[in-house]
Amino acid sequence: MSFINFAAREINCKIVYYGAGLGGKTTNLQFIFDKTADKQKSKMISLATETDRTLFFDFLPLDLGTVRGFKTRFHLYTVPGQVFYLKEHGYEFKKIPYVLQLNKRDLPNALGVEELTKELVRKGEPVFEAVAFQGKGVFETLKEIARLVLMELKKG
Ligand SMILES: Nc1nc2c(ncn2[C@@H]2O[C@H](COP(=O)(O)OP(=O)(O)OP(=O)(O)O)[C@@H](O)[C@H]2O)c(=O)[nH]1
Ligand SMILES: [Mg+2]
């Protein structure tokens with residue numbers, strides 16, 4: 001989802017990591033935060049329980065520089081795995097840019113990619129395999145969703 005502020009010549013895009021509890025959403029953001037240059041990022045805000053489950057959200061703003069004269073900023077959020085009602089917030093997967101990340105590919109008992117893809121893909125969206133705590137697949141996932149969001153912006 002994007003907001004364009006013409007007066008301030010700013011574009012703000014919101015990217016939400018959404019999925020099963022303990023799936024690695026916060027780990028994705030943490031890795032992005034750790035690997036991003038200081039001048040591109042502000043503080044990462046995490047509201048977590050004592051056991052590190054995300055309580056409300058994580059939030060990481062990233063500056064991407066300028067796109068056609070507009071300062072472009074991505075706001076990365078995770079929501080807790082228990083929030084399964086994005087539709088009630090007015091978003092439909094069919095209508096928004098969306099990519100699928102299959103995380104924890106290092107686990108010996110992980111379900112096969114083919115099986116997961118068959119079960120989870122909704123509209124032919126790009127699928128990325130990841131091992132988030134090693135950073136594998138993390139930037140690949142982010143780059144693709146950022147690309148799709150910017151393409152959507154161009155269309156609008
Ligand atoms: N083996 C393995 N563990 C991972 C991987 N990515 C994350 N983890 C671990 O899984 C646990 C849960 O990760 P989080 O990033 O907190 O998961 P989350 O999706 O934010 O969970 P909630 O906030 O509760 O919804 C942590 O102990 C991570 O270190 C991975 O690729 N492989
Ligand atoms: Mg979390």
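FYI, the numbering just counts along the sequence from 1. Just so you know, ligand 1 is whichever comes first in the structure, and atom 1 is the first atom listed for that ligand. Values below: every heavy atom of this structure, side chains too, minus hydrogens, waters and symmetry copies.
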Run the ring pair (Phe, Tyr, Trp, His ring centres under 6.0 Å) check on Phe6 and Phe70 step by step: do they pass?
-> CA-CA 8 Å; Phe6 285 95; Phe70 282 71; 5.7 Å; yes
Near the Mg ion (ligand 2) (under 2.8 Å) - protein N, O or S atoms = Thr26 OG1, Thr54 OG1
Looking only at heavy atoms, is any part of Asp106 under 4.0 Å from ligand 1, and if so is it the side chain, the backbone, or both, or is it neither?
-> side chain
Using a strict cut-off of 4.0 Å, indicate which atoms of ligand 1 neighbour a heavy atom of Gly23.
-> 17 (O), 18 (P), 19 (O)
Can you find an N/O atom of Leu22 closer than 3.5 Å to an N/O atom of ligand 1?
-> yes
Any side-chain heavy atom of Leu150 within less than 4.5 Å of one from Phe74?
-> yes
For Val113 and Leu102, run side-chain contact (heavy atoms from CB on, under 4.5 Å): C-alpha distance rounded to whole Å, both residues' side-chain angles, the deciding distance at 0.1 Å, then the answer.
-> CA-CA 8 Å; Val113 172; Leu102 306 176; 3.9 Å; yes
For Lys118 and Glu115, what are the C-alpha separation, side-chain angles and deciding distance, and is it a salt bridge (charged side-chain N to carboxylate O under 4.0 Å, His left out)?
-> CA-CA 5 Å; Lys118 211 169 108 194; Glu115 197 178 345; over 6 Å; no
Looking at ligand 1, does any of its N/O atoms fall within less than 3.5 Å of an N/O of Val131?
-> no
Side-chain donor-acceptor pair under 3.5 Å between Gln101 and Asn28, yes or no?
-> yes
Hey, is Leu107 touching ligand 1 through its side chain, its backbone, both or neither, going by heavy atoms under 4.0 Å?
-> side chain
Rounded to the nearest 0.5 Å, how far does CZ of Arg9 lie from OG1 of Thr72?
-> 10.5 Å
Atoms of ligand 1 close to Thr27 [distance to a heavy atom under 4.0 angstrom, numbered from 1] = 7 (C), 13 (O), 14 (P), 15 (O), 28 (C)
Closest approach of Tyr98 and Pro126, non-hydrogen atoms and distance?
-> O-CD, 3.8 Å
Is Arg105 close to ligand 1, meaning an N/O of one under 3.5 Å from an N/O of the other?
-> no
The complete set of salt bridge (Lys or Arg N to Asp or Glu O under 4.0 Å) pairs with one or both residues in residues 34-43, sequence neighbours excluded, reads Asp38-Lys41
Nearest heavy atom to atom 8 (N) of ligand 1, choosing from Gln101, Lys104, Gln134, belongs to Lys104
Which residues pass the side chain to side chain donor-acceptor pair (under 3.5 Å) test with Ser46, sequence neighbours left out?
-> Asp58
Short version for Asn103: what comes under 4.0 Å of ligand 1, heavy atoms counted, is side chain
Criterion side-chain contact (heavy atoms from CB on, under 4.5 Å) on Leu153 and Val67, from CA distance to verdict = CA-CA 11 Å; Leu153 256 180; Val67 176; over 6 Å; no
When only distance counts, is Ala130 in polar contact with ligand 1, meaning an N/O pair under 3.5 Å?
-> no
For residues 121-142, pull every pair meeting salt bridge (Lys or Arg N to Asp or Glu O under 4.0 Å), keeping only residues two or more places apart or in separate chains.
-> Arg105-Glu129
